[in-house]
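Report on the following structure.
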Amino acid sequence: MSHTETHERSLLGFWIYLMTDLLSFGVLFATYAVLSPNTAGGPNAKELFSLPFVLIETLILLTSSFTVGLAMLAVFKQAKQQALIWFGVTFLLGLTFLGMELYEFNNLIAEGASWERSAFLSSFFTLVGTHGLHISVGLLWMAVSMVMIWKRGLTPFINSKLTRLALFWHFLDIVWIFIFTIVYLLSYV
Amino acid sequence: MFKSYLLGFILSILLTVAAYLLVVNNMLSQGVLIIVILALAVIQLWVQLIMFLHLGQETGPRWKLISWISTASVLLIVVIGSIVIMNNLNYHVPSDQEIIENEGIHQSH
Amino acid sequence: MFGRLSLEALPHEWYTLGAVVSLGLGGLVAAIFLSKKKLWGWLWNEWLTSTDPKKIGIMYIIVALLMLFRGFLDAAMLWFQQAVLNGTSYGLSADHFQEIFTAHGVIMVIFVTMGLMFGLMNYIIPLQIGARDVAFPFINSLSFWLYVAGAIFLNLFFVLGGDFSSAGWLAYPPLSGLEYSPGVGVDYWIWSLQISGLGTLLGGINILVTILKMRAPGMTLMKMPMFTWATLCSMVLIVSTFPLLTATLVLLSLDRLIGTHFFTSTMGGNPMMYVNLIWMWGHPEVYIIMIPSFGIFAQVVSTFSRKKLFGYSWTVASLIAVTLLSMLVWLHHFFTMGAGANVNAFFGIMTMIIAIPTGIIVFNSIMTMYQGRITFGTPMLWFLGFVSTFSFGGMAGVMLSVPAIDFQVHNSLFLVAHFHTMAIGGALFGIFAGFSFWFSKITGFKLNEKIGKAAFWCWIVGFFVSFVPLYVLGFMGATRRLDQYDPSTGWQSLFIISFVGLLIIATGAFLQVLQLIHGFLKRNENKDLTGNPWEAEGLEWSTSSPPPDYNFAVIPGTNKIEEFHMPKNTPIGIYVSGFVFLVGFGAVWHIYWLTALGIIGAIICVIIRALDEDTEYKVILK
Amino acid sequence: MKLNFELFNPKGFISEQQTDLIITVVALLLIAVIPALVLTFTFAWKYRASKQSKFTPNVSGNTKLQLGWLGFLILIIISVGTLAFKNSHALDPRKPIQSEKQAITIQVVALEWKWLFIYPNSSIASVNFLQFPEDTPINLEITADAPMNSFLIPQLGGQMYAMNGMKTSLHIMANEVGDYRGFSSNISGEGFSGMKFTARASSDRDFNAWVETARISSGSLNYNELAKPSKNNLPTTYLVAQTDLFDSIVMKYGEPIHVR
């Protein structure tokens, strides 16, 4: 089996995996849409979220999606140094995004608005939390990939895995668009 | 390739900030605003799918595009189906209003 | 330190002790046999760590048959209680009875039919499309071992915990919530489905990509055998709906573990949302089981009538129609939950519309027999059994899809008879047909036809004797899942008839086991030398029986022997499922450090596998 | 003992229409199922190998036949579909039954493994026993203080789920005097098989007499005591002082008012 054939096949397999992940997020979105009015007498969305903070988060994640694209351009040009730099920038942006999210969660829990307070908060924490979990998996994967690039250089074997990493990162930004719109923007409408 | 990433990046920023400003300054009426920001989100989705994920530019049978379309339709069935069904069912949950009216007032048929 | 695990979780009732003793003895005998014959190494290197889809397929079938044995025992206990022990004092306790039908449901749907289906697919699909292996061999081994981990979770309560979920095979909250089921039972149920569901999802992606990307040159989509088409549709359904199951089970387990309020009755939770979400996966799941049988029957009927399948493109179009429509009908499982008349009518009509493509598929299989040369091999008998049962089952299904009728017969024994007709008459008969059709290809020796036909007659007669009374009981207003009913209703006589039916089915199953043993002992006399004992069409029949590890020396459609790579065996699949098992075990017993250990272990194994570059060996054929 | 085929022995306004519907739908579907079975076994018999009858191995399709069979199936499904649509509205459990007699409201509460029936007009309640006059529309308001149950009296009409914090409704009317078997048809825990009750349709005079004796002879209802899990409760009647008992049970799980 030639190398491009295996690369092509694992790319399609990974793409279909991303589609199944999207469907799991679909269930979380449907649960959020159905349960968000049920605040059980507790605080509702408008009182809890600060839009400017979330806008910054969104722009950071968007930029990281752009820089991972640049990293892939460097990979195709076999520019190992450049690829490492751009992956590093993407990693830092992703880390800041995660940090901001954990900061926001911490404030909510400190205010007593934890996932145990109401069905709305349960569905909020689970939807945004699952996205945050996926970001952490992406960051771990990126860290391991950067070590691989540094030690083994840009071989076809590693390039094929980096394509899938970039695909995964872009996919997380797509899911975040809808979290930003449906969870945060719609709460202020 | 660089151009497609850059274009996708700029377009996405514009779409995000546009939706943000619309909501924060409360420019449109509620119903229209919901539709507009959802539309902006869907546009940004397509922009990123084409510019970042290069959807539809595969050689040979386009399995990625077909699996994306089938997943998107299942997603719509799941989300919209749930909302429609749960609202139809919830029609009978006594809303706050109904409970306030009933508080202690015994309805005799 | 050990969460809620304590000494009194050890078995202390007659049925848990009995099970532990029998399982223990069985394991001991096997261990002694293996050590005496020094086969442990062989077992580990040749089978357990294998990435050859044929070996994985055989292992799937073995585990599924073991689970079929246990599921059948559960069914016998349920029916013995309803037929004989009703009204007496020494019947099963309500709780124990409910645990048995919950386990019976999960075993039969998830572990028997899916297990046997994946077993047949792993073995036959690569052969049918002219490929040497599946797309992702390592993931194939991983999904098998996740399936096994799920099966272990299903039986673990015998050893630790003493009770399984008693909330039915789909465990509706609030009954399955913390308030009404505080024990470990429902957690065992969740993790058994979650882990095997993960395995099924990975298996689904694997076989889907295999069919899409690895067909031999020249085999376009419209030239694929019908079993491959049916598998493709079934895999599309798995990939579209198993993520919904994973997400819904995560929500239910969060409700039980960290106190979220998705499906609780208080604090804004909505149990009806669970019913809605679980059936979005639930209904397509029963189609996932049913559709491959359509493919098997189409191939069996065309082989035994010596004719090409009638209306090939119509059957393919109908299979696709059934696949798409099956995701638009789930509300017919809860017409009676208070939905409006229009919503009920819409989902009822959508459910009926599925009967049209299904009718066309069955019609095309029947028309294949027209002006044919029909020989009645065992697979053909299973097909005739399928038509005679599936038509009644389908009729009952359309009746159930009319909302006004469903208000009467929902959750009645009429419904139970309906889905057993579809599951046994449709899916299980399809698997038996496939099993007897491809048995000689898998093992290299033919089974005795006479015993096979006797087994079929026991199954079909037993089926009607046991399930026609259930239809009648449904019309008498008998509801399902009753461990006790008052004798004044006069139902006992009908329950006794259906228990007799079960005994006839049991003889059929016994004959099948006999057929296997007899076939194995006499394997040298009826070796399958030609590779195509039924003179059937299809690439799988062009190889020897059993085919070599690499299936085809020359890929059909190409003409030169080239060197190729085959995947090495790897134990990583076992280690990852072992760690995932620890994650589940820690969650069930609230031993959170064990869950964390399991997660870290699984991640490390995946990384080791990802960094491993030499996972294949070169094969040079002279 | 005489076997009672409850679905074909309807005694209620709704259940009669449901029985007719079952019979028509079965008849319609048999039009498609019987030919398929007859076709299968005649082909199997006529074209068996030993009979050496006509053999056309290459015939593998005939579009006219496919379209014919497709049209035939569509016709049947259209007829069953219109029946389903009409009856989904006609027999909608939430639609009150029209009758010149005054409807009676009975409030149904599914508890852990027994049924509580509250008569708001006469402020009495009864466990696992329900009585109402014949030919009178009964408006049932159903809720639960237990896992999901399903209220069903096959001989009078369809079933409706009983759920915590939710008020579902069901309308039935008995056409004949008699005792009818009622039960829960959704698994709700250990005592599920004991969730049985008798629904007695009687003349107006007997119904009023029953209410009177209940009002005189029964003790007052202590709801929290009754709500404790118990199995196979014997039919008993209670006096109910609290007028909005049913709504308070629904509100127990309902949405607390937004206190911000």
Side-chain angles (χ1 to χ4, degrees), chain C residues 94-95 168 172 174-175 180 265-266 268 271 306-312 314 336-338 341 344-345 348-349 352-353 355-356 359-360 362-363 366 369-375 384 387-388 391 395 398-399 402-405 407-408 410-412 475-477 479 481-485 488 490, chain D residues 1 3-8 18 21-22 25-26 29 32-33 36-37 39-40 43-44 47-49 54-57 59-61 66 69-70 73-74 77 80-81 83-85 87-89 91-92 147-148 150 154 158-161 163-165 168 181 183 185-190 193 253 255:
Chain C
D95 210 23
Y172 283 8
L175 181 58
Y180 296 106
S265 323
T266 53
R306 291 282 165 270
K307 278 191 65 182
K308 287 214 289 298
L309 177 67
F310 187 86
Y312 176 94
W314 280 80
T336 61
M337 206 160 73
N344 277 352
I349 290 168
M352 288 173 212
I353 290 173
I356 298 174
I360 288 173
V362 175
F363 166 74
I366 297 170
M369 293 163 39
Y370 179 68
Q371 291 180 343
R373 268 290 181 285
I374 301 171
T375 48
L384 293 176
V387 173
S388 48
S391 34
M395 188 168 85
V398 177
M399 281 169 68
V402 176
I405 297 179
F407 294 150
Q408 281 282 8
H410 174 64
N411 271 355
S412 72
F475 286 134
M476 293 171 69
T479 185
R481 295 173 165 169
L482 285 179
D483 55 294
Q484 292 288 349
Y485 55 88
S488 65
Chain D
M1 89 213 20
L3 295 181
N4 178 3
F5 292 86
E6 293 179 355
L7 263 64
F8 292 103
Q18 283 168 336
L21 184 62
I22 290 176
V25 165
V26 165
L29 293 176
V33 166
L37 283 173
L39 222 59
T40 312
F43 287 164
Y47 298 107
R48 63 187 190 286
K54 196 160 181 295
F55 179 51
T56 53
V59 166
S60 75
Q66 300 279 2
W69 181 255
L70 176 67
L73 282 178
I74 289 176
I77 295 300
V80 177
L83 269 177
F85 185 81
N87 282 294
S88 180
H89 283 277
L91 304 175
D92 182 354
M148 260 188 220
S150 180
Q159 68 186 282
M160 180 52 66
Y161 273 24
M163 291 171 277
N164 297 350
T168 47
R181 207 170 58 83
F183 50 89
S185 71
N186 192 61
I187 179 83
S188 58
E190 239 178 279
S193 55
Y253 295 93
E255 181 88 4

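The chains referred to below are lettered A, B, ... by the order of the sequence lines, with proteins before strands, and numbering in each begins at 1.
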What part of [X] gets closer than 4.5 Å to chain C, counting heavy atoms only: side chain, backbone, both or neither?
{"X": "Ser185(D)", "result": "both"}
{"X": "Asn4(D)", "result": "backbone"}
{"X": "Ile74(D)", "result": "both"}
{"X": "Phe183(D)", "result": "side chain"}
{"X": "Val80(D)", "result": "both"}

Where do Leu83(D) and Val402(C) land on the side-chain contact (heavy atoms from CB on, under 4.5 Å) test, with the steps shown first?
CA-CA 8 Å; Leu83(D) 269 177; Val402(C) 176; 5.9 Å; no

Return yes if some donor-acceptor pair links the side-chain N/O of Gln159(D) with the main-chain N/O of Phe407(C) below 3.5 Å, else return no.
yes

Tell me, for [X] versus chain D, whether the close heavy atoms (under 4.5 Å) come from the side chain, the backbone, both or neither.
{"X": "Tyr172(C)", "result": "side chain"}
{"X": "Ile360(C)", "result": "both"}
{"X": "Tyr370(C)", "result": "both"}

From CA spacing to verdict: side-chain contact (heavy atoms from CB on, under 4.5 Å), Met163(D), Met337(C)
CA-CA 9 Å; Met163(D) 291 171 277; Met337(C) 206 160 73; 3.6 Å; yes

If you count heavy-atom pairs under 4.5 Å with chain C, which of [options] comes out on top?
{"options": "Thr56(D), Asp92(D), Ile22(D)", "answer": "Thr56(D)"}
{"options": "Leu91(D), Leu21(D), Asn87(D)", "answer": "Leu21(D)"}
{"options": "Arg181(D), Arg48(D), Gln66(D)", "answer": "Gln66(D)"}
{"options": "Ala36(D), Pro57(D), Ala44(D)", "answer": "Ala44(D)"}

Using every non-hydrogen atom in the two residues, find where Ser388(C) and Leu37(D) come nearest and quote the distance to one decimal.
CA-CD2, 3.7 Å

Side chains of Asn164(D) and Pro174(C), heavy atoms from C-beta outward: is any pair under 4.5 Å?
yes

Do Met399(C) and Val26(D) come close enough that some side-chain heavy atom pair is under 4.5 Å?
yes

Ignoring hydrogens and angles, state whether a donor on the side chain of Ser193(D) or Gln484(C) is under 3.5 Å from an acceptor on the partner side chain.
no

Hey, what's the ring geometry for Phe363(C) with Phe310(C), parallel, tilted or perpendicular (30° and 60° as the breaks)?
perpendicular

Between [options], which shows the greatest number of heavy-atom pairs under 4.5 Å with chain D?
{"options": "Met352(C), Met369(C), Gln408(C)", "result": "Gln408(C)"}
{"options": "Arg306(C), Gln371(C), Met476(C)", "result": "Gln371(C)"}
{"options": "Ser391(C), Ala94(C), Ser412(C)", "result": "Ser391(C)"}

Apply side-chain contact (heavy atoms from CB on, under 4.5 Å) to residues Tyr161(D) and His410(C) and explain how you reach the verdict.
CA-CA 11 Å; Tyr161(D) 273 24; His410(C) 174 64; 2.7 Å; yes

To the nearest 0.5 Å, how far apart are NZ in Lys307(C) and CZ in Arg373(C)?
11.5 Å

